[in-house]
Amino acid sequence: MGLSMATAELWVERWERQQQRYAVGREERFTVIADVVEHITADRTVTPLVLDLGCGPGSLAARLARRLPDAEIVAVDMDPLLLELARTHHGAAARYVEAVVGKTGWIQALGLDRPLDAAVSTTALHYLAPDALKHTYRQLAALLRPGGVLVNGDHLPPEGSPKAAGIVTHVGRRGAERQQAFAHEDWESWWAAVAHDPELADLLAERHHKQPRNGSGEGTGLPLSAHVRLLQQAGFTHAGPVWQYGNSYVVVATR
């Protein structure tokens with residue numbers, strides 16, 4: 001039996017607030033990603049096909065569906081609890097698939113019937129180790145049509161001298177403080193609260209079985225230049241940022 005809409009709405013709304021702690025300018029970042037996908041699909045005569053990587057409870061998929069109501073969106077994540085929240089609260093936005101990005105068989109699980117116009121992601125790809133990330137970038141390059149794009153909104157550590165890096169970090173933190181981002185509950189508190197909801201108990205148990213470690217993690221620490229290099233090695237013709245706020249970027253790679 002699926003979740004009630006009331007339960008899904010409650011936890012998705014709390015998720016949206018919680019994530020503001022970790023993504024400075026989060027709503028603008030979503031908007032920029034949608035701008036890129038809208039631009040790249042503007043002249044398409046067939047239904048645009050978009051893949052959302054690490055979709056969580058459907059935050060990006062829902063926003064893309066509102067901007068691009070004619071697009072077909074396939075959203076993939078490894079977390080059964082977050083996927084069920086997405087299916088219940090944002091069910092019309094996308095077709096949701098449970099799979100681990102980069103693992104054997106994940107592409108087949110997507111059930112794609114034609115090349116992608118765009119692959120998008122927010123705060124998910126930085127968790128992949130360099131070799132796995134390079135392999136995944138190559139897989140995505142092969143899935144995209146010529147002229148298609150990979151659009152990644154993510155936290156990337158600052159580069160350059162310690163002083164320059166410190167300025168970037170300071171700008172991001174001051175922005176978050178102005179947006180009162182730190183007034184919201186954090187990742188650990190959100191999951192601790194989830195554990196007290198009986199309606200989510202079975203999904204949480206399934207999550208713990210499949211993902212023994214429960215934590216937000218810090219990622220692999222690859223800076224922007226490393227991502228750009230890996231994207232170029234994977235076969236993308238161009239890669240670079242189109243938006244930045246502190247340590248938060250939108251990186252676009254063209255096929």
Side-chain angles (χ1 to χ4, degrees), residues 23 25-78 83 86 90 92-97 99 101-102 106-128 133-156 224 227-228 230-244 248-255:
R26 182 173 183 256
E27 204 60 46
E28 184 177 356
R29 189 172 70 182
F30 281 137
T31 299
V32 171
I33 293 171
D35 286 342
V36 175
V37 178
E38 182 181 59
H39 174 72
I40 211 70
T41 60
D43 60 351
R44 298 293 285 165
T45 58
V46 299
T47 300
L49 181 58
V50 181
L51 175 62
D52 182 4
L53 301 149
C55 65
S59 301
L60 177 56
R63 287 163 172 83
L64 284 175
R66 288 195 292 268
R67 280 283 296 274
L68 304 164
D70 295 329
E72 178 184 349
I73 301 172
V74 179
V76 58
D77 202 284
M78 64 186 291
L83 279 172
H90 296 306
R95 174 168 60 84
Y96 297 96
V97 177
V101 173
W106 80 277
I107 292 176
Q108 290 73 18
L110 300 175
L112 304 177
D113 61 359
R114 61 191 186 280
L116 296 169
D117 291 280
V120 300
S121 184
T122 54
T123 58
L125 296 180
H126 71 274
Y127 290 112
L128 296 178
L133 185 62
K134 183 177 181 179
H135 180 62
T136 300
Y137 281 159
R138 283 179 172 168
Q139 290 178 310
L140 292 171
L143 290 174
L144 287 161
R145 65 167 172 85
V149 292
L150 169 60
V151 192
N152 182 27
D154 217 335
H155 311 315
L156 305 177
L224 172 65
H227 282 268
V228 169
L230 290 175
L231 286 162
Q232 291 170 340
Q233 292 173 355
F236 288 91
T237 58
H238 171 79
V242 296
W243 179 88
Q244 178 190 0
S248 184
Y249 289 84
V250 174
V251 180
V252 176
T254 56
R255 184 71 177 90

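- Taking CG of Leu140 as the reference point, atom NE2 of His135 lies at 10.0 Å (rounded to 0.5 Å).
- Counting only heavy atoms from C-beta outward, the side chains of Ile107 and Gln139 approach each other to under 4.5 Å.
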> Can you check side-chain contact (heavy atoms from CB on, under 4.5 Å) on Leu68 and Thr41, steps first, answer last?
Replying inline: CA-CA 9 Å; Leu68 304 164; Thr41 60; 4.2 Å; yes
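- When all heavy atoms of Asp117 and Thr47 are compared, the pair lying nearest together is OD2-O, 4.2 Å.
- Under the 4.5 Å side-chain criterion, counting only non-hydrogen atoms from C-beta, Arg145 is in contact with Ile40.
- Distance CG/Leu51 to CG/Leu144: 8.5 Å, rounded to 0.5 Å.
- Remark: His90 engages no residue in a side chain to side chain donor-acceptor pair (under 3.5 Å) (not counting sequence neighbours).
- Pairs of residues two or more places apart, or lying in two chains, never qualify as salt bridge (charged side-chain N to carboxylate O under 4.0 Å, His left out) while including a residue from residues 118-128.
- Nearest heavy-atom pair across Ala61 and Tyr96 is CB-OH, 4.3 Å.
- With rounding to the nearest 0.5 Å, the separation of CG in Leu116 from CG in Leu143 is 5.5 Å.
- The nearest pair of heavy atoms linking Val97 to Leu83 is O-CD1, 3.8 Å.
- For the pair Phe236 and Tyr137, the tightest heavy-atom approach, listed with the atom from each and the gap, is CE1-O, 3.5 Å.
- A donor-acceptor pair shorter than 3.5 Å cannot be found between the side chains of His227 and Tyr249.
- The two atoms that bring Phe30 and Ser59 nearest to each other are CZ-CB, 3.9 Å, heavy atoms only.
- Here Thr122 contributes atom OG1 and Leu60 contributes atom CG; the two are 5.0 Å apart, rounded to the nearest 0.5 Å.
- For Glu38, the salt bridge (Lys or Arg N to Asp or Glu O under 4.0 Å) partners at least two apart in sequence or on another chain are Arg67.
- Using a distance-only test at 3.5 Å, with no hydrogens or angles considered, no donor-acceptor pair links the side chain of Asn152 to the main chain of Val251.
- Shown here are the side chain to side chain donor-acceptor pair (under 3.5 Å) partners of Arg29, two or more places apart in sequence or in another chain: Ser248.
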> Going through the checks in order, is the side-chain contact (heavy atoms from CB on, under 4.5 Å) test met by Val149 and Arg255?
Replying inline: CA-CA 6 Å; Val149 292; Arg255 184 71 177 90; over 6 Å; no
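- Ser121 contributes a side-chain N or O that, together with a main-chain N or O of Leu53, makes up a donor-acceptor pair within less than 3.5 Å.
- Interatomic distance, OG1 of Thr31 versus CZ of Arg63, reported as 8.0 Å (0.5 Å rounding).
- Two residues are said to be in side-chain contact when any heavy atoms from C-beta on lie closer than 4.5 Å; Arg114 and Leu49 meet this criterion.
- Every residue meeting the side-chain contact (heavy atoms from CB on, under 4.5 Å) condition with Arg138, not counting sequence neighbours, appears here in chain and number order: Lys134, Ala234.
- The distance from the OG1 atom of Thr237 to the CD atom of Gln232 is 9.5 Å, given to the nearest 0.5 Å.
- The minimum heavy-atom distance between Val74 and Leu110, with the atom names listed, is CG1-O, 4.2 Å.
- Using a 4.5 Å heavy-atom threshold, the side chains of Leu224 and Pro241 count as touching.
- Evaluation of the salt bridge (Lys or Arg N to Asp or Glu O under 4.0 Å) rule for Asp77 yields no partner, not counting sequence neighbours.
- By the 30° and 60° cut-offs, the orientation of the rings of His155 relative to His126 is tilted.
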